[in-house]
Protein chains: 2
Amino acid sequence: MSTSRRSFTREPPEQRKEALITATLTLMAEAGPAAATVRAIADKAGISQGMIRHYFSTKEELIVAAYEHHMQAMTEATAAQGSQTGTAADRLENFVIASLTPPVVDPSAMALWAGFIHMIRRDAAMRDTHRRTYYNFRDRLEALIGAALREAGQIAPPAKVRRHAIACNAVIDGLWLEGGALPDAFDEGELAEIGLTSIAAIIGLEFHKKERAL
Amino acid sequence: MSTSRRSFTREPPEQRKEALITATLTLMAEAGPAAATVRAIADKAGISQGMIRHYFSTKEELIVAAYEHHMQAMTEATAAQGSQTGTAADRLENFVIASLTPPVVDPSAMALWAGFIHMIRRDAAMRDTHRRTYYNFRDRLEALIGAALREAGQIAPPAKVRRHAIACNAVIDGLWLEGGALPDAFDEGELAEIGLTSIAAIIGLEFHKKERAL
DNA sequence: TCCGTAATTATGCAAGTGTATAATTACTAA
DNA sequence: TTAGTAATTATACACTTGCATAATTACGGA
């Protein structure tokens with residue numbers, strides 16, 4: 001009989017990887033990057049630590065995958081709420097609101113992001129993910145701004161729309177950051193309201209939707 | 001004679017603390033938070049590791065002091081360039097420009113900041129420093145905005161000036177972040193230019209200074 | 001000049017780290 | 001039913017970590 005090992009079932013690679021990634025993100029969000037050790041990750045995922053090296057060639061690689069996962073989740077969260085229907089201005093408005101309210105604005109999500117972002121200077125894969133994520137967000141914003149301006153009958157040179165997108169992106173990022181870092185400093189809905197007002201001023205357009213319920 | 005120890009001189013506590021703090025910041029900026037071990041810090045500071053526990057009750061305490069130091073340096077850098085003389089609009093303009101050009105905008109400074117900021121959720125002292133730093137920056141911005149508006153003969157309700165300050169702060173933070181994270185994505189002076197244009201639009205004022213040299 | 005004190009160095013320690021490897025076990029296909 | 005194989009677990013290893021403590025040394029006041 002020898003020593004009794006814990007029983008296990010074989011699972012598809014994608015499921016195992018996802019479990020490891022989720023465990024990594026949970027640990028990092030709850031207790032910081034330092035808490036995401038191979039043993040803690042494996043424990044939280046309910047498997048043995050050998051699995052990390054089996055599915056990822058190194059812990060570093062798992063971290064990169066977790067970063068990618070987190071950023072994709074945030075991207076999807078901003079795209080979820082009806083950025084598809086309605087006028088361009090409406091879609092832009094929804095996009096901004098989604099970006100500046102929970103669950104996108106969230107202390108855990110912000111801390112997680114910060115725990116990753118300092119790595120982009122030293123890790124090429126992390127840098128690449130950051131670059132891709134940033135441009136993806138900004139390009140979507142730029143498309144919405146351009147469409148909203150055209151919709152309002154304004155001619156907008158591409159260079160100007162680009163600068164608008166950079167500026168609006170910065171407003172959103174800044175407010176998102178501050179909402180995550182000091183959650184008690186802002187009333188509910190305040191970040192979105194300030195974001196919309198600022199973006200309207202920057203691109204020279206007004207949003208027409210009625211006040212949202214608080 | 002026994003074993004030969006390295007010779008040393010006694011130095012004032014402030015000097016030792018500063019050496020340790022500087023070493024910590026350098027290591028964290030160059031190689032990330034994980035590289036700032038007690039041994040590496042002591043080596044870089046040119047003293048033995050026992051000094052860390054002698055001047056700080058724990059490594060954590062040194063990290064907090066280093067964070068405080070870094071944020072104060074950034075604060076001073078934004079205050080340096082003539083935010084004292086000239087019209088309020090000029091001072092606001094200088095403040096924004098200083099915040100959106102090197103050495104404030106800097107990949108190392110940004111990575112350093114990110115390496116710290118994820119700790120504010122778990123460490124009360126870090127959280128306190130962040131809160132203080134954030135409000136200090138925003139309050140200075142709010143004062144400048146209020147003065148600039150009054151100067152232009154506009155009446156501005158305090159609540160409105162507050163919202164303006166939150167928004168302008170977000171623009172600056174966002175641009176600062178993006179400039180540090182993707183230094184090649186923006187031309188020299190572009191961040192400051194976009195920042196000034198956006199802030200002018202948000203508070204409804206124009207900056208009159210001539211174009212700055214690139 | 002010399003002694004006491006505190007700063008400083010050196011060393012030790014228990015715990016934890018990522019990774020490598022060996023031992024087992026579940027599942028598949030014949 | 002039974003091999004074979006790949007997934008999974010368990011364990012070992014070399015190294016690093018933060019902290020504690022003992023041994024030394026510089027310096028100021030008598």
Side-chain angles (χ1 to χ4, degrees), chain A residues 1-24 27-28 30-67 115 119 122-123 125-126, chain B residues 1-24 27-28 30-67 115 119 122-123 125-126:
Chain A
M1 56 180 56
S2 74
T3 70
S4 71
R5 293 188 166 205
R6 47 202 270 227
S7 68
F8 62 88
T9 59
R10 298 185 170 188
E11 303 292 348
E14 284 316 309
Q15 186 173 324
R16 288 269 121 113
K17 287 185 189 173
E18 169 122 5
L20 288 170
I21 288 171
T22 302
T24 303
L27 282 166
M28 286 183 69
E30 283 175 355
T37 67
V38 290
R39 285 162 182 80
I41 292 168
D43 277 2
K44 178 140 297 207
I47 52 185
S48 80
Q49 64 169 297
M51 302 309 281
I52 291 177
R53 280 266 304 164
H54 193 255
Y55 287 110
F56 300 92
S57 67
T58 182
K59 184 197 167 187
E60 175 82 12
E61 199 174 284
L62 168 57
I63 299 293
V64 171
Y67 176 45
M119 305 175 185
R122 291 176 303 277
D123 187 304
M126 302 281 290
Chain B
M1 51 182 63
S2 71
T3 70
S4 71
R5 294 190 165 202
R6 46 201 272 226
S7 69
F8 61 90
T9 58
R10 298 186 171 188
E11 303 293 348
E14 284 315 309
Q15 185 172 323
R16 288 271 122 113
K17 288 184 188 175
E18 169 122 6
L20 288 170
I21 288 171
T22 302
T24 304
L27 282 166
M28 286 184 68
E30 284 175 353
T37 67
V38 289
R39 285 164 182 80
I41 292 169
D43 277 1
K44 179 140 294 204
I47 52 185
S48 78
Q49 64 168 298
M51 302 309 281
I52 290 177
R53 277 269 303 166
H54 193 255
Y55 287 111
F56 300 91
S57 67
T58 182
K59 184 198 167 187
E60 175 82 12
E61 200 174 283
L62 168 56
I63 299 292
V64 171
Y67 175 47
M119 304 176 186
R122 291 177 301 278
D123 188 304
M126 302 281 289

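In what follows, chains carry the letters A, B, and so on, assigned in the order in which the sequence lines appear, proteins first and then strands, with residues in each chain numbered from 1.
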Inset, instruction - Using only heavy-atom distances, decide whether a donor-acceptor pair under 3.5 angstrom links the side-chain of B:Arg53 to the base of D:dA20. - result: no

Inset, instruction - Provide, to the nearest angstrom, the distance between the CD atom belonging to A:Glu60 and the P atom belonging to C:dT17. - result: 17 Å

Inset, instruction - Using the side-chain contact (heavy atoms from CB on, under 4.5 Å) rule, take A:Leu20 and A:Ile47 through it: C-alpha gap first, then chi angles, then the decisive distance, then the call. - result: CA-CA 9 Å; A:Leu20 288 170; A:Ile47 52 185; 3.7 Å; yes

Legend entry - Atom-to-atom span, CE of B:Met51 to P of D:dT24 - whole angstrom: 18 Å

Inset, instruction - Take the protein atom CD1 of A:Ile41 and the nucleotide atom P of C:dG18, then report the distance between them rounded to whole Å. - result: 7 Å

Legend entry - Base of D:dA10 paired with side chain of A:Arg5 (donor-acceptor, under 3.5 Å): no

Legend entry - Test item: A:Ile21 and A:Phe56 side chains (from C-beta on) under 4.5 Å apart, heavy atoms: yes

Inset, instruction - Could you tell me whether B:Phe56 contacts a base, only the sugar-phosphate backbone, or nothing, with contacts defined as non-hydrogen atoms closer than 4.0 Å? - result: nothing

Inset, instruction - Check if the side chain of A:Arg10 and the base of D:dA6 share a donor-acceptor pair of N or O atoms closer than 3.5 Å. - result: yes

Inset, instruction - Name the nucleic acid region contacted by B:Gln49, choosing base, sugar-phosphate or nothing; use a 4.0 angstrom heavy-atom cut-off, strictly under. - result: base

Inset, instruction - Can you tell me the distance, in whole Å, between the CD1 atom of A:Ile52 and the P atom of C:dT21? - result: 18 Å

Inset, instruction - Compare side-chain N and O positions of B:Tyr55 against OP1 and OP2 of C:dA7 and report whether any pair is under 4.0 Å apart. - result: no

Inset, instruction - Identify which nucleotide among C:dT8, D:dT9, C:dG18 has an atom closest to any side-chain atom of A:Ile47, counting heavy atoms from C-beta outward. - result: D:dT9

Inset, instruction - In whole angstrom, give the distance that lies between atom NZ of B:Lys17 and atom P of C:dA7. - result: 11 Å

Legend entry - Whole angstrom value for the distance that separates P of C:dA26 from CZ of A:Arg6: 13 Å

Legend entry - Residue met sooner reading DNA chain D from 5', once B:Arg39 and B:Thr9 are mapped to nucleotides: B:Arg39

Inset, instruction - Using a cut-off of strictly less than 4.0 Å, decide whether A:Thr37 has a side-chain nitrogen or oxygen near OP1 or OP2 of C:dG16. - result: no

Legend entry - Nucleotide of C:dT19, C:dT17, D:dA20 approaching A:Val38 most closely (side-chain heavy atoms): C:dT19

Inset, instruction - Please examine the side chains of A:Pro13 and A:Arg16, heavy atoms only from C-beta on, and report whether any two atoms are closer than 4.5 Å. - result: no

Inset, instruction - Not counting sequence neighbours, list each pair that qualifies as a salt bridge (charged side-chain N to carboxylate O under 4.0 Å, His left out) and has a residue in residues 50-60 of chain A. - result: none

Inset, instruction - In whole angstrom, give the distance that lies between atom CZ of A:Arg16 and atom C1' of C:dC27. - result: 13 Å

Legend entry - Stepwise side-chain contact (heavy atoms from CB on, under 4.5 Å) check, A:Glu30 with A:Lys44: CA-CA 12 Å; A:Glu30 283 175 355; A:Lys44 178 140 297 207; 3.5 Å; yes

Legend entry - Between D:dG18 (P) and B:Leu20 (CG): distance, integer Å: 13 Å

Inset, instruction - Could you say whether B:Lys59 or B:Ser7 is positioned toward the 5' end of DNA chain D, judged by the nucleotide with the nearest heavy atom to each? - result: B:Lys59

